[in-house]
Amino acid sequence: MQSAWTEPAAQLVAEPGNTNSTVSAATQAGSGRSSYVPPHLRNKPKAVAPIDNYVSVAARSNGLGDSRDNLGSAGPADLPTTSAGAWGSRSSASTGMPSTGAWSAGRFSAGGGNKVVSGGSDGWQSNRTSSRLNGKSTWGVGTDVDPFPAEEPSTGVFDQENTGINFDAYEDIPVETSGENVPPPVSTFAEIDLGQILNENIRRCKYVKPTPVQRHAIPISLSGRDLMACAQTGSGKTAAFCFPIIAGIMRSSPPGRPRGGRKAFPLALILSPTRELSSQIHDEAKKFSFQTGIRVVVTYGGAPVHNQLRDLERGVEILVATPGRLVDLLERGRISLSAIRYLALDEADRMLDMGFEPQMRKIVEQMDMPPAGQRQTMLFSATFPREIQRLASDFLGNYIFLAVGRVGSSTDLIAQKIEYVLDADKRSMLMDLIHAQKALGTSNQHQLTLVFVETKRGADALEDWLSRMGFPATSIHGDRTQSEREQALRSFRSGQTPILVATDVAARGLDIPHVAHVVNFDLPNDIDDYVHRIGRTGRAGNTGLATALFNEKDLSLARPLAELMQEAHQEVPGWLMNFASRANFGGGGRNRRSGGGPRFGGRDFRKESGRGGGDRYSGGGYGHANAVGSSAWD
DNA sequence: AAAAAAC
């Protein structure tokens with residue numbers, strides 16, 4: 001029934017009858033926040049009982065397995081636990097790194113200071129550093145070099161702080177799993193045998209304790225199961241799918257030689273919807289793969305293909321990509337997917353929506369990738385609309401659905417404000433907001449403001465206006481060149497231009513530390529997009545502010561927005577409630593609810609599809625969810 | 001209607 005994670009010994013026994021479980025961490029932990037003791041400090045001596053399925057499987061693998069004493073000894077003692085003072089100590093200390101041209105960066109060269117988009121995977125962990133490219137090297141004292149030179153260990157590599165993580169904020173979030181024989185969650189990394197080298201990298205990264213999504217998703221993935229996971233970005237998704245992939249590759253076969261020839265045969269494929277996000281995932285995966293011999297390569301459009309081809313020729317085990325360039329390289333015959341054993345889709349609901357679905361079907365179903373069942377497929381997103389879940393099941397075998405309550409988004413951690421503003425008054429309102437934000441900022445930390453607009457034109461226009469008004473602003477959107485995009489991101493991260501005007505290209509997944517304020521200058525049409533946008537602040541358990549400018553044009557968003565804000569214990573102005581009730585009668589539109597409403601990141605659509613076959617959505621049993629004239633047809 | 005994603 002429930003899957004407790006309090007007692008490792010108990011939880012490691014598989015429960016054959018376990019098909020559904022809805023659990024609350026708070027209930028399970030049975031401990032209030034005041035008395036909270038991090039799991040890694042609880043049963044420290046005997047951290048791992050050797051009765052774990054996964055342990056035994058891995059232990060007989062290839063000698064990489066026995067990590068127990070490793071983690072035990074390396075463990076908590078020498079790791080800083082949650083320390084307060086989030087940003088303070090790492091604020092400035094620019095080491096004026098030689099700024100290479102945008103393109104020389106990262107993924108094209110094995111060494112060298114690079115990484116256009118660095119930062120952390122999903123923010124949760126300690127990787128909340130500023131971009132190394134912008135000169136704010138926070139990797140260690142005076143470390144400007146690539147954190148992952150091909151072979152040589154760099155002492156500064158992992159010397160970042162594990163700060164700013166509000167663990168308590170993660171202790172009472174609800175978790176829901178469904179599917180057959182759900183492997184029980186773990187409480188500590190020590191309980192999972194990820195292999196010695198990976199454990200060492202985890203230690204270097206100073207990840208003291210798995211996040212909720214990691215606690216659940218990693219055991220599931222390690223057991224070989226397909227997975228659909230709903231968890232807010234900022235909760236450690238990237239590591240959740242990277243660790244099992246890396247561990248799986250290492251335990252099955254030593255990282256292979258390049259197979260000669262020009263065609264690459266990756267073993268794992270990680271897809272994401274934007275170039276910057278793929279770049280960020282690549283950076284993370286490289287850290288986790290440090291000294292494993294596993295080669296991580298990223299390919300995406302807008303960048304010279306030559307360098308990417310060269311990287312591929314050198315061999316690749318884990319390929320990170322955006323769909324367009326991948327299709328291109330597949331058609332050129334430079335990549336084969338026949339060896340794929342792991343497929344991970346980040347922001348999976350976006351990857352499967354109308355814009356991406358044809359490409360996704362081509363990659364997954366029409367090239368040479370092994371079919372579902374013969375590969376392991378993992379889908380991750382903060383939002384999972386029902387119709388997308390239905391579509392996604394085409395890509396999955398008998399999968400487990402996992403939903404972890406939204407963290408860092410529609411929680412108390414993000415203060416959500418909403419202002420009624422006519423279009424004509426939006427700019428002056430924005431100016432007021434920026435001034436107010438500036439007043440809040442302290443001298444030694446930058447206060448970044450991320451402004452979302454609806455169109456690329458609008459982004460250009462607003463950037464231009466802000467600049468003319470004397471505000472240090474830049475912009476990122478799909479009409480800018482890739483080097484301009486990355487330059488803009490660097491400039492924003494570094495605080496050089498603390499205002500970034502963005503389209504939805506920046507809405508998902510990007511981990512940008514210090515974003516204090518997200519302004520929805522234009523609101524999106526879809527509440528899920530709103531969720532992703534405001535998730536750019538309040539990351540890793542820190543607080544953030546999100547302000548939305550609302551007017552009649554946003555009528556269709558009124559109701560889902562009001563519901564979301566209520567769920568997040570935000571004050572909902574009366575006028576918005578009025579709009580919401582108006583929208584109820586036809587103003588509505590295409591606001592598909594993420595299955596299950598905001599309380600959970602989502603809900604397994606398999607539980608609700610009790611109706612006739614082929615239905616586009618199952619309206620029944622959803623309470624308010626479908627109230628907004630939700631034609632699932634969009 | 002818009003945005004993203006190959007050349």
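Each chain gets a letter, A, B and so on, in the order the sequences are listed, and its residues count up from 1. When reading the values below, keep in mind they use all heavy atoms of this one structure, side chains included, and skip hydrogens, waters and symmetry mates.
Under 4.0 angstrom from either OP1 or OP2 of dA5(B) there lies no side-chain N or O belonging to Arg350(A). At the phosphate of dA1(B), neither OP1 nor OP2 sits under 4.0 Å from any side-chain N or O atom of Lys553(A). Remark: Thr503(A) is in phosphate contact with dA4(B), judged by side-chain N or O atoms under 4.0 Å from OP1 or OP2. For the pair Thr322(A) and dA6(B), the criterion of a side-chain N or O lying under 4.0 Å from OP1 or OP2 is met.
Across the protein-nucleic acid pair, Arg480(A) atom CZ and dA5(B) atom P stand 14 Å apart, rounded to whole Å. When the P atom of dA4(B) is taken as reference, atom CD of Gln482(A) falls 11 Å away, rounded to whole Å. In this structure, Arg275(A) atom CZ and dA3(B) atom C1' are separated by 13 Å, rounded to whole Å. Between the C1' atom of dA1(B) and the CG atom of Asp353(A) lies a distance of 15 Å, rounded to the nearest Å. Atom CG of Asn307(A) is separated from atom P of dA6(B) by 16 Å (rounded to the nearest Å). Atom P of nucleotide dA4(B) and atom CG of Leu510(A) are separated by 12 Å, given to the nearest angstrom. One can place CG of Asp504(A) at 9 Å from P of dA3(B), the figure rounded to the nearest angstrom. In this structure, NE2 of His306(A) is placed 18 Å from C1' of dA6(B), rounded to the nearest angstrom.
For Glu331(A), counting side-chain heavy atoms from C-beta on, the closest listed nucleotide (dA4(B), dA2(B), dA6(B)) is dA6(B). Distance from the side chain of Glu454(A) is smallest for dA1(B) among the nucleotides dA3(B), dA1(B), dA4(B).
Salt bridge annotation for Asp423(A)-Lys426(A): present, with a cationic side-chain nitrogen under 4.0 angstrom from a carboxylate oxygen.
At the heavy-atom level, Arg485(A) lies under 4.0 Å from the strands shown only through sugar-phosphate atoms. Across all strands shown, Val327(A) has no heavy atoms under 4.0 Å from either base or sugar-phosphate atoms. Across all strands shown, Gly355(A) has heavy atoms under 4.0 Å from base atoms, whether or not it also approaches the sugar-phosphate.
Of the residues Asp528(A), Asp529(A), Thr274(A), Thr383(A), the one that meets the side-chain hydrogen bond (donor to acceptor under 3.5 Å, both in side chains) test with Arg350(A) is Asp529(A).
One donor-acceptor pair, N or O on each side, does fall under 3.5 Å between the base of dA1(B) and the side chain of Asn525(A).
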Distance-only donor-acceptor pairs under 3.5 Å for side chains of residues 427-434 of chain A, two or more places apart:
unit_1: Ser428(A); atom_1: OG; unit_2: Asp425(A); atom_2: O; d: 3.1

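The closest side-chain donor-acceptor pair between Arg490(A) and Gln487(A) falls under 3.5 angstrom. Side-chain polar atoms of Tyr399(A) and Gln376(A) form no donor-acceptor pair below 3.5 angstrom.
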